[in-house]
Amino acid sequence: MDKPKTTAKDFFLWAGALVSFYWTVIAYTFLVFDYINYTFPNPLSYYPADPYQSGISGEMASVIVLLPVYLLIMFLIRKGSDADPSRKEIWVRRWAIILTLFLAGAAMVGDLITLLTTFLSGEALTTTFLLKVLVIILVSAGVFMHFFADLKNYWDTNPSRRLYVRIGVAILAVVTIGSGFLIVGTPAQARLARFDAQKVSDLQNVQSQVVYYWQAKQKLPSAITDLNNSLNYGPVPIDPQSGEPYIYQATGALSFKLCAVFNTESRGLPAQAGNQNAYYETRAMTPTPVQEKAALGGKAGMQDNWQHGAGQVCFERIIDPAFYPPLK
């Protein structure tokens, strides 16, 4: 009996299925990794984990779009093989299944080698590491068993179980994406968080301009509009959300405060009671070794310098002439 020929339609359907499937699996795995990193943050990270700045949004979008695409392509492939059973014997199908089995098996073996290497080298097996190993093993094992059953035509003889598997995968994807919305928040919340991040960046800019102004004139600006010098500073930033100027007030010969209205509290660290920021000198912009140590898990230091709660928050600063001497 002659082997069935592979048509262009067969090739591109299987190519599309493989690309969408691999992309979905990779995005899903990294999405769960990001959830683990967020739930169990690394105490040695200089900056706290921020899901808004990670790849969670792109990974969620990939799973939402590509999983239905993969299921649709596989529906078309199985519809064609049901109409013409010889389509199950084409070389592109067998190569696609065997390649996927090889990659899934290699992922499991590599994952176990990594686990044993870490254990035998005496390194601590952290919760984050073990959870990621478990995720890779579960995902790889699920992929391997599914395609091994497909290679043996198990799903063709048990169509009801194939349907259960599809429903289970869809439910798992929905639950995972739903968890992502709980972590990242809605698109509206993400937009508010980006506004807050821009406000902090603007206040840092204004702070630098105030310090330079004092160094040049040995006095603090009486109003924020005094900083509008296109030759030296450029335009003073304004609140991107309200369009209003930021609040600036000189509170002494060397002290001043900057205020802004924030939508939510800072991510990563709990806001302090009362005033959301302790009294910091301007030199905190350049961390000392003590501040760097605090940023790695201490209760105060560089990382608290711009922590804020919701509503209007003021940041008090003192210029230390020893660190910022007047310009000659």
Side-chain angles (χ1 to χ4, degrees), residues 45-48 50 53 193-269 271-272 274-328:
S45 284
Y46 190 82
Y47 296 101
D50 186 351
Q53 301 299 324
R194 288 195 295 271
F195 272 129
D196 286 351
Q198 183 60 49
K199 292 175 185 180
V200 170
S201 177
D202 290 343
L203 291 180
Q204 292 171 338
N205 185 0
V206 173
Q207 175 179 272
S208 298
Q209 294 188 25
V210 170
V211 173
Y212 186 76
Y213 186 99
W214 182 88
Q215 288 180 297
K217 300 188 177 183
Q218 287 78 63
K219 67 175 183 178
L220 290 172
S222 57
I224 196 170
T225 53
D226 293 346
L227 300 175
N228 282 317
N229 186 328
S230 59
L231 293 179
N232 291 329
Y233 320 116
V236 177
I238 61 175
D239 189 315
Q241 189 173 9
S242 66
E244 299 294 327
Y246 292 107
I247 297 175
Y248 160 82
Q249 180 182 352
T251 56
L254 296 173
S255 61
F256 62 95
K257 67 179 181 180
L258 298 170
C259 307
V261 178
F262 295 95
N263 300 293
T264 60
E265 70 176 27
S266 301
R267 304 187 67 90
L269 291 174
Q272 301 171 2
N275 183 9
Q276 310 300 335
N277 294 272
Y279 198 76
Y280 292 95
E281 293 185 347
T282 305
R283 67 170 180 259
M285 288 188 299
T286 303
T288 65
V290 174
Q291 292 167 338
E292 289 181 339
K293 180 178 181 181
L296 296 177
K299 295 183 179 180
M302 181 67 177
Q303 65 194 50
D304 291 326
N305 204 22
W306 295 101
Q307 287 294 109
H308 60 79
Q312 180 171 299
V313 179
C314 293
F315 303 87
E316 298 182 346
R317 299 290 188 259
I318 296 177
I319 298 177
D320 188 339
F323 282 86
Y324 299 92
L327 300 176
K328 296 181 181 180

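What you see is a predicted model; the values in this text were computed from it and never measured.
- Contact record, Leu220 with Tyr213: C-CE2, 3.8 Å, taken as the closest heavy-atom pair.
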With side-chain contact (heavy atoms from CB on, under 4.5 Å) as the test, would you mind laying out the steps for Tyr248 and Gln209 before giving the verdict?
CA-CA 12 Å; Tyr248 160 82; Gln209 294 188 25; over 6 Å; no

side-chain contact (heavy atoms from CB on, under 4.5 Å) for Glu316 and Thr251? Distances and angles first, verdict last.
CA-CA 9 Å; Glu316 298 182 346; Thr251 56; over 6 Å; no

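- By the 4.5 Å heavy-atom criterion applied to side chains, Lys199 and Ser242 are not counted as neighbours.
- One finds the CG atom of Asn263 at 4.5 Å from the CG atom of Asp196 (value rounded to the nearest 0.5 Å).
- Atom OH of residue Tyr246 and atom CG of residue Leu203 lie 5.5 Å apart, to the nearest 0.5 angstrom.
- The side-chain heavy atoms of Phe195 and Asp239, taken from C-beta on, include no pair separated by under 4.5 Å.
- Here Trp306 contributes atom CH2 and Ser201 contributes atom OG; the two are 9.5 Å apart, rounded to the nearest 0.5 Å.
- Between Pro221 and Ala250, the closest heavy-atom pair is O-CB, 4.2 Å.
- You'll find the side chain of Val206 reaches within 4.5 Å of the side chain of Val236, heavy atoms only.
- Between Gln218 and Leu327, the closest heavy-atom pair is NE2-N, 4.2 Å.
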Evaluate side chain to side chain donor-acceptor pair (under 3.5 Å) for Arg317 paired with Asn305, printing each intermediate quantity in order.
CA-CA 10 Å; Arg317 299 290 188 259; Asn305 204 22; 3.3 Å; yes

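- The shortest non-hydrogen separation linking Ala253 to Trp214 is O-NE1, 4.0 Å.
- Proximity of Ile247 to Cys314: side-chain heavy atoms (C-beta onward) are nowhere separated by under 4.5 Å.
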Would you please test Val210 and Leu227 for side-chain contact (heavy atoms from CB on, under 4.5 Å) and show each step?
CA-CA 7 Å; Val210 170; Leu227 300 175; 3.8 Å; yes

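- Atom CG of residue Leu258 and atom CG of residue Asp202 lie 11.0 Å apart, to the nearest 0.5 angstrom.
- Atoms CZ and CD, on Phe315 and Gln204 in that order, are 9.0 Å from each other to the nearest 0.5 Å.
- The nearest pair of heavy atoms linking Phe262 to Gly309 is CB-O, 3.5 Å.
- No side-chain donor-acceptor contact under 3.5 Å links Gln249 to the backbone of Phe256.
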